[in-house]
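A note on names: the letters A, B, ... follow the listed sequences, proteins ahead of strands, and every chain is numbered from 1.
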There are 2 protein chains.
Amino acid sequence: MPRQPSAKARMSDVAHAAGVSLVTVSRAINTPDLVAPDTLAAVKAAVDKLGYVPNLTAGSLASNRSRIVAAIVPTISNLVFSETVEALAQRLTQDGYQLLLGQSGYCLDREAALIHAFLGRRVDGLVLTGTNQPTSLRTKLRRAGIPVVQTWDLPGEDGNKAIDMLVGFSNRAAGAAAAAHLLQRGHRTLAFIGADEPRARERLAGFTAAARREVAAELIAPPVQVDAAADSLHRLMARRPDITAVFCNNDLLAAGVLFACQQRGLAVPGSLAVMGFGDLPIARAAHPALSTLRIDRTAIGAQAGRLLLERMAQGGRKSSKPCDIGFEVIQRAST
Amino acid sequence: MPRQPSAKARMSDVAHAAGVSLVTVSRAINTPDLVAPDTLAAVKAAVDKLGYVPNLTAGSLASNRSRIVAAIVPTISNLVFSETVEALAQRLTQDGYQLLLGQSGYCLDREAALIHAFLGRRVDGLVLTGTNQPTSLRTKLRRAGIPVVQTWDLPGEDGNKAIDMLVGFSNRAAGAAAAAHLLQRGHRTLAFIGADEPRARERLAGFTAAARREVAAELIAPPVQVDAAADSLHRLMARRPDITAVFCNNDLLAAGVLFACQQRGLAVPGSLAVMGFGDLPIARAAHPALSTLRIDRTAIGAQAGRLLLERMAQGGRKSSKPCDIGFEVIQRAST
DNA sequence: CTGAAAGCGCTAACAC
DNA sequence: GTGTTAGCGCTTTCAG
């Protein structure tokens, strides 16, 4: 009885059907240029006829390259990261790589566990968020000998050096720029609302340093949802009624603060200036439109992908000084 | 010279170091219960000493199980999907499975290409968004013999049956429920703003049917960003100034409409009622708080994971009538 | 409870 | 251009 297409065909079956050897099938699939046109056609016909789908797992084992890249972000339910991942995935897909995704939930232990699992999968590259990985992990990654890109930060801010490659910006400088903007707009009593996580704390540090005055801060345990905005604002105003400007560590949070101001009858920016972070689409859509710090999230992902692909292609030397993609103060109506 | 931990250890190295056979190491790692405590300890010591990380690729090939599940969503830059993926990932991770993520960008060809690649990777299960896969793909998936869960829809609405398992809700009924709510609040001239994609169109169909009057609709080509809200509202009001209620196919879009109303000086719900979809955190945070259709996005992901794990565990029979997780009309201040 | 043998389905050298 | 020979690093029988 003839082999059903439903029974999974192997490469040797295709070879048999096409009247060639197994290697030729492999070559027809992976390096068609090295195969004669007629042979190629015969193989293709056999592939279609049998519904053959090459087993990439076997290929990975034999070739010692998985064509998988793993990425770890705190959560994809934050536009700021999902857009970075999206850009990364797009860049990788272009070159035939697949993306294995992990979410750490801002927890270093979960990050370590994910990395262990990914190394077991022999991923060809790894993208991490932040630079606060513990030493043991850094060592483990260096030994693994695969290219690693850390993102969303720059080295040194938390005393760490890059594990390998890096694409990000100075969170401290970003915070300072926000404060400078608000000072320049005439505000003197500043406040901060953000998640209680490393990069937000860096921004707060920069913000505070540049403010040159005590800053009232609300640090919310992640995951931060928009609906935390009203409460945070409330607590802030209770503590320091003289606040005239608040820097929200995320545009969505800032939008929540705008809604809360409306509810309390606080004029923005008249009674309270509101500044966001990220320049997400909602910053333009809000009313008043949000002043914010623009971060090119897409560039981070695309650049991380590019660096990885480069290194995976030429197995090559470590290049790469840290890539600073910077940020930009966007002034709109809310300040 | 002693083997450096940096040189990747293989299972046979561990076996050698522990003074046992290779199989025993395999068992110590995968089924520790079947191994004597002393042996187990020896193996563990050797693993630590050598920094051994099991090669899951080799394991997958030998065992014919990858312990990878793939999921395809239109985009993760939409909270509605990212939260579903997050819940799915969490459920899978619990059981030692990893998630391979694909984004189709609402494009059927890209979805097909991703599925092909995932089948090549011999994923143990697959989660899809929607039920509008073409017949050729459905056939291919049935032949692959892996469990498949379609999500965010129910069969029959677009004339399709489930490929295998299903967890979602009736988009048509959801649209109808939105219209019913608005009618009940006294509105007669209804409008719709949403993305131009299959599930939104289903909701619009249900909405229109229940409205029993012509509905002014703005269908925006995806990806829809919040900042499309103001323009859409503008066009809508220009076409039909008598509109008194608008159903936005996404809470973020609805929040954008709220901001736009504010800008135009339109009272909500006095001059225009606004209804959202999803019950994202912003629905509560908005002012006025958004009436919306609550979808349990997390339940969709968790349930999809559960169904998959069940079937992967017992290799078993197809169970599963379609799982309807339903929806709920949430009335708040905006209608 | 432990071990020896036999592959999983493919790619990487080499030959011709 | 094409084929032959060896594995990749594990898990799975099957013995003991």
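- Minimum atom distance to the side chain of A/Leu61 is reached by C/dG9, of the listed D/dC10, C/dT11, C/dG9.
- Where B/Ala58 and B/Val35 meet DNA chain C, the nucleotide closest to each residue was compared, and B/Val35 sits on the side nearer the 5' end.
- Checked by atom type and distance alone, the side chain of A/Gln150 pairs as donor or acceptor with a backbone atom of A/Ile163 at under 3.5 Å.
- Counting non-hydrogen atoms under 4.0 angstrom, A/Leu22 reaches a base of the nucleic acid.
- OP1 or OP2 of D/dT2 has not a single side-chain nitrogen or oxygen of A/Ser21 nearer than 4.0 Å.
- Expressed to the nearest 0.5 Å, how far OG1 of A/Thr298 lies from CD of A/Gln90 amounts to 8.5 Å.
- No donor-acceptor contact under 3.5 Å links the side chain of A/Arg122 to the base of D/dG9.
- At a threshold of 4.0 Å, the pair B/Arg311-B/Asp164 counts as salt-bridged, since one of the basic side-chain nitrogens sits closer than that to a carboxylate oxygen.
- Atom CZ of B/Arg65 is separated from atom P of C/dG9 by 16 Å (rounded to the nearest Å).
- For the atom pair CZ (B/Arg67) and CD (B/Gln98), the distance works out to 10.0 Å, reported to the nearest 0.5 Å.
- The distance between atom NZ of A/Lys8 and atom P of C/dC10, rounded to the nearest whole Å, is 13 Å.
- Looking at the side chain of B/Ala62, the nearest of the listed nucleotides C/dT11, D/dC10, C/dG3 is D/dC10.
- Straight-line distance from the CG atom of A/Leu34 to the P atom of C/dC16: 21 Å, rounded to whole Å.
- Rounded to a whole Å, the CE atom of A/Met11 is 5 Å from the P atom of C/dC10.
- Between A/Tyr52 and the phosphate of C/dG9, there is no side-chain N or O to OP1/OP2 separation shorter than 4.0 Å.
- Within the 4.0 Å cut-off from OP1 or OP2 of D/dG3, at least one side-chain nitrogen or oxygen of A/Thr24 is found.
- One finds no side-chain N or O of B/Ser63 lying less than 4.0 angstrom from the OP1 or OP2 phosphate oxygen of D/dT11.
- Of the side-chain N and O atoms in B/Asn30, one or more sit less than 4.0 angstrom from OP1 or OP2 of D/dT11.
- Nucleic acid contact class of B/Thr39 (heavy atoms, under 4.0 Å, all strands): sugar-phosphate only.
- Of the possible polar contacts, one joining the A/Glu197 side chain to the A/Arg199 backbone as a donor-acceptor pair under 3.5 Å is found.
- Atom CG of A/Leu50 and atom P of C/dG9 are 15 Å apart (whole Å).
- Comparing C/dA12, D/dC10, C/dG3 by their nearest atom to the side chain of B/Asn55 picks out D/dC10.
- Distance CZ (A/Arg67) to P (C/dC10): 16 Å, rounded to an integer number of Å.
- When the C1' atom of C/dA13 is taken as reference, atom CG of A/Asn64 falls 15 Å away, rounded to whole Å.
- As a whole-Å value, the separation of A/Asp124 CG from D/dC8 P is 19 Å.
- The phosphate of C/dT11 has OP1 or OP2 within less than 4.0 Å of a side-chain N or O from A/Ser26.
- For the pair A/Arg27 and B/Arg27, nearest-nucleotide mapping onto DNA chain C gives the more 5' position to B/Arg27.
- Residues B/Asp95 and B/Arg91 are paired through a salt bridge, judged by an N-O separation under 4.0 Å between the basic side chain and the carboxylate.
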